[in-house]
Number of protein chains: 2
Amino acid sequence: MTNYTIKDVAKMANVSIATVSLVIHDHKRISPETKHKVQQAIEKLNYHPSRSARGLVSRKTGNVGFILTNDHFLRTEPFYTQIFMGTEFEARDHELYVLLATVDSDFGENASLPRFILDKNIDGMIIAGKVPQRLIDKMRKYDLPIVFVDYLAPDKKNSVVAIDNEEGGFLATQHLIKLGHKNIAFIGGDISHPSLNDRFTGYKNALEKAGISIVSKYIETEEDYPARANGYNAARKLFSANKNITALFACNDAMAIGAMQYLKDSGKRVPDDVSIIGFDDVAAEVMIDTPLSTMRVPKLEMGVEAMKLISEQIKNPGLINQKILVPAELIVRKSTRKI
Amino acid sequence: MTNYTIKDVAKMANVSIATVSLVIHDHKRISPETKHKVQQAIEKLNYHPSRSARGLVSRKTGNVGFILTNDHFLRTEPFYTQIFMGTEFEARDHELYVLLATVDSDFGENASLPRFILDKNIDGMIIAGKVPQRLIDKMRKYDLPIVFVDYLAPDKKNSVVAIDNEEGGFLATQHLIKLGHKNIAFIGGDISHPSLNDRFTGYKNALEKAGISIVSKYIETEEDYPARANGYNAARKLFSANKNITALFACNDAMAIGAMQYLKDSGKRVPDDVSIIGFDDVAAEVMIDTPLSTMRVPKLEMGVEAMKLISEQIKNPGLINQKILVPAELIVRKSTRKI
DNA sequence: CATAATTAGTTAAACGTTTAACTTGGAGCA
DNA sequence: TGCTCCAAGTTAAACGTTTAACTAATTATG
């Protein structure tokens, strides 16, 4: 398990170290025979180039920062966790490493930036989910490539991987309409979040298109964070004030689960009395007897795409302002039914 | 935002680069005045030493790997996530970075090791939670320092940060006994996991000490993973077969929550009909109306300690086989009451 | 046939640190 | 005075890569 260097490989293959380096980078100036000889030696010694030495000459660290707020990281549903795993997975192919950092969701006046930024230990960063504007402003000063996932700073100055939330919201609502529902409610938290707001827009568009009028009593968007408990509360407000709602579109699965719980507690049955559809497809909650219909979001793929974008952008800093929109897919399970 | 080097600092302070380096490492050979002068320059230029250059000469990467299985990473309760955040937090003080990798919980015959091991891009690693023995065997071949957290390979060859689970199980059960309970049940999943088994031992010890006989019908350890759904199932088996149980000690909060849910569904009230205590203190579940009594585990601190251990061990590879036992603390909330 | 162009490699400098070995100017001492 | 010691630096080599510039041998061209 000794650590061999490029010199050892060169010696074994009877070539110069430059040749070894060129083989590694698949340079055309090398003949097939030499290439093969060198690759054999690399294999035999289990040689891996030193990242430090590489970093020193290339002036790159080989690291990418992944930033999210700690409430996102610690939340019950593994939404951003999956995205992270996607970036980590794709990072292999780019010979990059991912450094994860969480920041406080109320990034105070003199909160400090993630260490890898101050230390200059990354070549670029991926920002997942909504983060405080103050953080973004501070980070922009270091001119590192930035890619957003599932959020984009209002000035829209960076590349982004986003869900087609409006289309998704439209499809979810349309699903309920197609099942014959007319009194369709919506619950959402933190409606200032662009993603959630877009889902809401999709909801309204679908109703409008079907000629169903939008009833404000059926809309509950007061809660501040789209978590289970808030779904529970929103459902309580909604159903105690309205008796004729037959279907509910929750802005995400967490709130949908909360709402289901409320309905269960208050003696209503899903989907017999109320149909419910969520969004995200994170509800692998076996405890709930009624599997949730939802809009599936390709979380891993989003991470993969984000890593591709940041990697390109590190190599070519000109490539700014790219946008990737991924579709959400309707998944029909047991929580919605024909009326 | 240019990246200054040690040369720039040296020039500004009118000293050699060696002097700058010595100041950074707080070497005694430097006079207070020179030191001050250099520090000023460092500050003014916002100089940060290049990790690559450092790594090259020190033959260290400055990285530590953090390994857990993906079911641990993706699970609902942020137990290991908190531990991870603890390591990340402490890493600052040691000028280390943490690389997170997940492995499959059934680490197949020819599954590959985390990339940072193959790449030799870490100086040591922290393994969190139970991982497959096959993985451990493979990793041992690379002789890197290893620290376990909340688990220890059966050969006990490495340093470890563990919870005093036996004591914790004892205290939890004793709490129920002190409240006057006699028919105290236990539910656990994956009882082959040393931590859970120790909690079970603590349960038995407490009963024994109080002169209460251990009733095997009150013990349900068939489930394979201590998650909510399995807590629900375990409670179902237990309470449908036994009518006189008045208290329950669940091996962790996840199972406790599942059990509470079952009791709720089957019309029983907590704590009026049954007292429940969990373990871990991860149940920040606002949706549950009855806050759970539990044994608090200092998760962040465990991460901090693990990072301290691995950092020491990287500097001094002789320091093997250290053991840190952290106590669990009884937290009484609303789910347990006097009988 | 002389020369230009191409191919397949090699040489050597550079990247930014750390640190052992060396220097220099006094202070302390007999 | 002459010597040793010490304090406070400096010099220079080394770490393992990448890559521009060079070279030598072969092939193509007029």
Side-chain angles (χ1 to χ4, degrees), chain A residues 2-42 45-63 95-97 119-123 314-315, chain B residues 2-42 45-63 95-97 119-123 314-315:
Chain A
T2 335
N3 264 1
Y4 293 107
T5 75
I6 200 172
K7 280 186 195 169
D8 302 310
V9 176
K11 200 172 291 172
M12 176 172 256
N14 255 316
V15 295
S16 72
I17 63 165
T19 302
V20 176
S21 180
L22 294 176
V23 168
I24 289 169
H25 293 92
D26 208 14
H27 197 285
K28 59 189 166 209
R29 216 195 293 151
I30 303 296
S31 72
E33 307 89 65
T34 310
K35 185 171 173 177
H36 183 246
K37 207 169 52 174
V38 171
Q39 281 170 336
Q40 291 257 315
I42 288 178
L45 296 179
N46 186 28
Y47 164 73
H48 289 262
S50 146
R51 302 204 124 233
S52 300
R54 278 193 162 170
L56 190 53
V57 12
S58 71
R59 291 138 170 294
K60 292 262 155 65
T61 64
N63 298 327
E95 303 199 66
L96 288 169
Y97 276 92
D119 267 13
K120 295 161 184 168
N121 192 27
I122 51 169
D123 302 328
I314 288 170
K315 280 178 207 137
Chain B
T2 336
N3 264 1
Y4 293 106
T5 75
I6 200 172
K7 280 186 195 169
D8 302 309
V9 177
K11 200 171 292 172
M12 175 172 258
N14 255 315
V15 294
S16 72
I17 63 164
T19 301
V20 176
S21 178
L22 293 176
V23 168
I24 289 168
H25 293 91
D26 208 13
H27 197 285
K28 59 190 164 201
R29 217 193 294 151
I30 303 295
S31 71
E33 308 88 66
T34 310
K35 186 170 171 178
H36 183 246
K37 209 170 49 175
V38 171
Q39 282 170 337
Q40 292 257 314
I42 289 178
L45 296 178
N46 186 26
Y47 163 73
H48 289 262
S50 145
R51 301 204 125 232
S52 299
R54 276 194 164 171
L56 190 52
V57 13
S58 71
R59 292 139 169 293
K60 292 263 155 65
T61 64
N63 298 328
E95 303 198 66
L96 289 169
Y97 276 92
D119 267 12
K120 293 161 187 169
N121 193 25
I122 52 169
D123 302 328
I314 288 170
K315 280 178 207 139

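Just so it is clear: chains get the letters A, B, ... in the order the sequence lines come, proteins before strands, and each one is counted from 1. Just so it is clear, the model here is predicted, and its values are computed rather than measured. Values reported hereafter were calculated over all heavy atoms of this structure, with side chains retained and with hydrogens, waters and symmetry mates removed.
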Euclidean distance, atom [atom1] of residue [X] to atom [atom2] of [N] [Å, nearest integer]:
X	N	atom1	atom2	result
B:K11	C:dT17	NZ	P	13 Å
B:L22	D:dA7	CG	P	15 Å
B:I30	C:dT18	CD1	P	13 Å
A:L56	C:dA14	CG	P	13 Å
B:R51	D:dG16	CZ	C1'	18 Å
B:N3	C:dA14	CG	P	20 Å
A:K60	D:dG16	NZ	P	23 Å
A:H48	D:dG16	NE2	P	16 Å

Let's see if you can work this out: which of [options] has an atom nearest to the side-chain heavy atoms of [X]?
X	options	result
A:P49	D:dT17, D:dG9, C:dG16	D:dT17
B:V15	C:dC15, D:dT10, C:dT19	D:dT10
B:K7	C:dC15, C:dT18, D:dC15	C:dC15
A:A18	C:dT17, D:dG16, D:dT19	D:dT19
A:T5	D:dG16, C:dG16, D:dT10	D:dG16
B:V57	C:dT11, D:dT17, C:dG16	C:dG16

Can you tell me if the side-chain N/O atoms of [X] get under 4.0 Å from OP1 or OP2 in [N]?
X	N	value
A:S58	D:dT17	no
A:R54	C:dC15	no
B:T19	D:dT10	yes
A:Y4	D:dT17	no

Sugar-phosphate, base or nothing in reach of [X], heavy atoms under 4.0 Å:
X	result
A:S16	base
B:S50	sugar-phosphate
B:T34	sugar-phosphate
B:S31	sugar-phosphate

Test for a donor-acceptor pair under 3.5 Å between the base of C:dT10 and the side chain of A:R29, counting only N and O atoms.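 Looking at the base of C:dT10, it does pair with a donor or acceptor on the side chain of A:R29 (distance under 3.5 Å).
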Distance (rounded to the nearest 0.5 Å) between A:L96 CG and A:K60 NZ: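 So the CG of A:L96 and the NZ of A:K60 are separated by 10.0 Å.
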Considering only heavy atoms from C-beta outward, does the side chain of A:Y47 approach that of A:D8 to under 4.5 Å? no
Any non-hydrogen side-chain atom of A:D26 less than 4.5 Å from a side-chain atom of A:K35? yes
Test side-chain hydrogen bond (donor to acceptor under 3.5 Å, both in side chains) applied to B:Y97 and A:D119, A:N63, A:T61, the passing residue: A:D119
Within a radius of less than 6.0 Å around NZ of A:K37, do more than 12 heavy atoms belonging to other residues, nucleotides or ligands occur? yes
Dump the intermediate steps for side-chain contact (heavy atoms from CB on, under 4.5 Å) on A:I17 and A:T5, then the final yes or no. CA-CA 10 Å; A:I17 63 165; A:T5 75; over 6 Å; no
Starting at the 5' end of DNA chain D, which residue's closest nucleotide do you reach first, B:K35 or B:A53?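 Nearer the 5' end of the strand: B:K35.
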A:Y47 or B:I17: which one's nearest nucleotide on DNA chain D is closer to the 5' end?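 The 5'-side residue here is B:I17.
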